[in-house]
Visitor: 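Sharing a structure, written as structure tokens. Questions coming.
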Amino acid sequence: MFELILLIIHVNALESRPTNGEKKLNVLLMVCDDLRPELDSYGHKYMSTPNTDAFAKSALVFERAYTNYAYCCPSRNSFMSGRMPGTSKVINFINSFRDSTVVDRTGLEGTSWTSLPEHFKKNGYWTVGSGKLFHPSLPPDNDNPYSWSINVTDPGQNVGCGCPTSGVKGAPMYCELPDNSTCPDVVIAQTVVKQLHTWKETHSSQPFFAGLGIHKPHLPWGAPAKFFAKYPAAEEIPLAKHKYIPAGMPTVAYHHCQWGPFPWSSGKGQPVADDIAHAAKRAYYAAISFADSLLGMVLDALEAIGERNNTVVLLTSDHGWQLGEHNEWCKETVFELSLRIPFMIRYPLAAPGVAGSTSRVFAENIDIYRTLADLAGVPDVEEGVDGMSLASLLRSPEKSTQMMILTKPAAFGQHARCLRNVSDGYKPIDPFKAADSCTITPRANIDWMGYSIRTDSWRYTAWVGWNRSALVPLWDVVNATELYNHTLDQSPGAPNDQNFDEWENENLASNPDLEPIINELHSQLVSHFNKYEVPFSSE
């Protein structure tokens, strides 16, 4: 039955593709950092995001979109290479997919994988961009020259527009910049605008692939003062209603958030002071509005060169962010808010009624590669690329939506835990008082891996052991499990849909009545990840 459904989807996709005689479409990929779907276009009307909202009116908005790893480097190495994190083996800030010691499910070494922009380059595209697309230095030098037709750089490195007091003990991790600031994120947007005009002047004989990597709202939340002014005074910004860790949450699920000396957490179950939380949320919102203005700058340039109707545009984020929910102020968990992202696609050849509509089909960042290649007209990607094309949802939604729901009934994420301090002889840490060190821990030395599945009704997570030689899960070594109820988040307009505070506040994994559900979800989890957890041969 499953194979039949896949065949029907494949036939529908072929029927709806442009013919070979039609020209290839341009591609604009826009990626923000740490952006959760707290936007006007996702129902949060207090947000000032006019450019994103206008774009959403011309795009298909995926209401349930997720990253596959809620951390910058693993996430970007995944969707920019088209391989799941279990295949790339990138789970820290040490490795990249350009690694001869990793192979995909076809046996192809990472050094030979065709990256997302490289696929377009090989198909005659002029590939350009600026900012945080690949993770800084991983792969080396922004994957120049393999992915790009010109030398692509990231002036902002990992944070973009910083604050003068960043790193100073006790300094807040936000600041109001001058309204005329030319900090790195501004330069990045301006660079892509110039590249689009250069294409129009000198390269219009070939299609383009342009990447825009905006750092905001990554910490520190530095934004021009005019974007802070779009929001009420800090004390008027509502705080998370559920500021404590979920009831029954296992210790391994928690990540102690820290950014330098700033006191995001004061210990187990103790939220940060309200004044800090109020100011932090306002600053995060200002950073989103700042990012929105930069996205608008590039979208306006696309319009100015007359290529709006010839360009596929996709907007996403590398992962979400937690703003005090679950006593978390970061990413690096497998909770809903850490994994859930905005995801919108504008396709100039979309079926009538698609523009400005929404989809409840699960979308994942791993789907970006195949989707963009399919929509642009260069769908023949190398066999080892993971994910599923979502193109049929834009070309023939009446035919494909129900089938896609059946074949993509869940989204998947994972995250490593390192509960020993690599900088102090691997001594154990208290995860409620110190951040784990997976960022700098060799991938062979992590302690646990959390694997998570999100269905219509549930999120189930299993924290399991790690085979340190093969770099694959030990499914029979279980540290803890989590089960969270999402039954009210199943359909459009459901109560509390898009309400960040309503979910995952009680772990139900110990409830014996739910054992059949847990067993079924665990089986789906293992089956899915075993497709991508390619055993590693040697470090």
Visitor: State which residues pass disulfide bond (SG atoms under 2.5 Å apart) with Cys438; sequence neighbours excluded, sorted by chain then number.
Guide: Cys418

Visitor: Please check this pair: side chain of Asn95 against backbone of Lys89, looking for a donor-acceptor N/O pair closer than 3.5 Å.
Guide: no

Visitor: Taking the six-membered ring of Trp113 (Phe, Tyr or Trp), confirm whether the NZ or CZ of Arg83 is under 6.0 Å from its centre and within 45° of its axis.
Guide: yes

Visitor: Can you classify the ring geometry of His119 versus Tyr369 as parallel (below 30°), tilted (30 to 60°) or perpendicular (above 60°)?
Guide: tilted

Visitor: Please check if any side-chain donor atom of Asp40 sits under 3.5 Å from a side-chain acceptor atom of Thr49, or the reverse.
Guide: no

Visitor: With the side chain counted from C-beta on, respond yes when Trp126 and Thr198 share a heavy-atom pair under 4.5 Å apart, and no when they do not.
Guide: yes

Visitor: Can you tell which of Thr333, Asn365, Val334, Asn68 makes a side chain to side chain contact (heavy atoms under 4.5 Å, CB included) with Leu339?
Guide: Val334

Visitor: Less than 6.0 angstrom from the centroid, inside 45 degrees of the normal: does Arg76 satisfy that with respect to the ring of Phe134?
Guide: no

Visitor: Contact between Phe97 and Ser115 at the side-chain level, heavy atoms closer than 4.5 Å - yes or no?
Guide: yes

Visitor: Of Tyr284, Tyr285, Phe227, which meets ring pair (Phe, Tyr, Trp, His ring centres under 6.0 Å) against Phe290?
Guide: Phe227

Visitor: Can you sort out the partners of Cys72 under disulfide bond (SG atoms under 2.5 Å apart), two or more places apart, ordered by chain and number?
Guide: none

Visitor: Among Val354, Val312, Thr316, which one satisfies side chain to side chain contact (heavy atoms under 4.5 Å, CB included) with Ile345?
Guide: Val312

Visitor: Just so I know, are the side chains of Pro397 and Leu60 near enough to count as touching, which here means a heavy-atom distance under 4.5 Å?
Guide: no

Visitor: Decide yes or no for Glu482 and Phe335: does some side-chain heavy atom of the first lie under 4.5 Å from some side-chain heavy atom of the second?
Guide: yes

Visitor: Checking side chain to side chain donor-acceptor pair (under 3.5 Å) for the pair Tyr66/Glu336: CA distance, chi angles, key distance, verdict?
Guide: CA-CA 9 Å; Tyr66 296 84; Glu336 181 84 356; 2.5 Å; yes

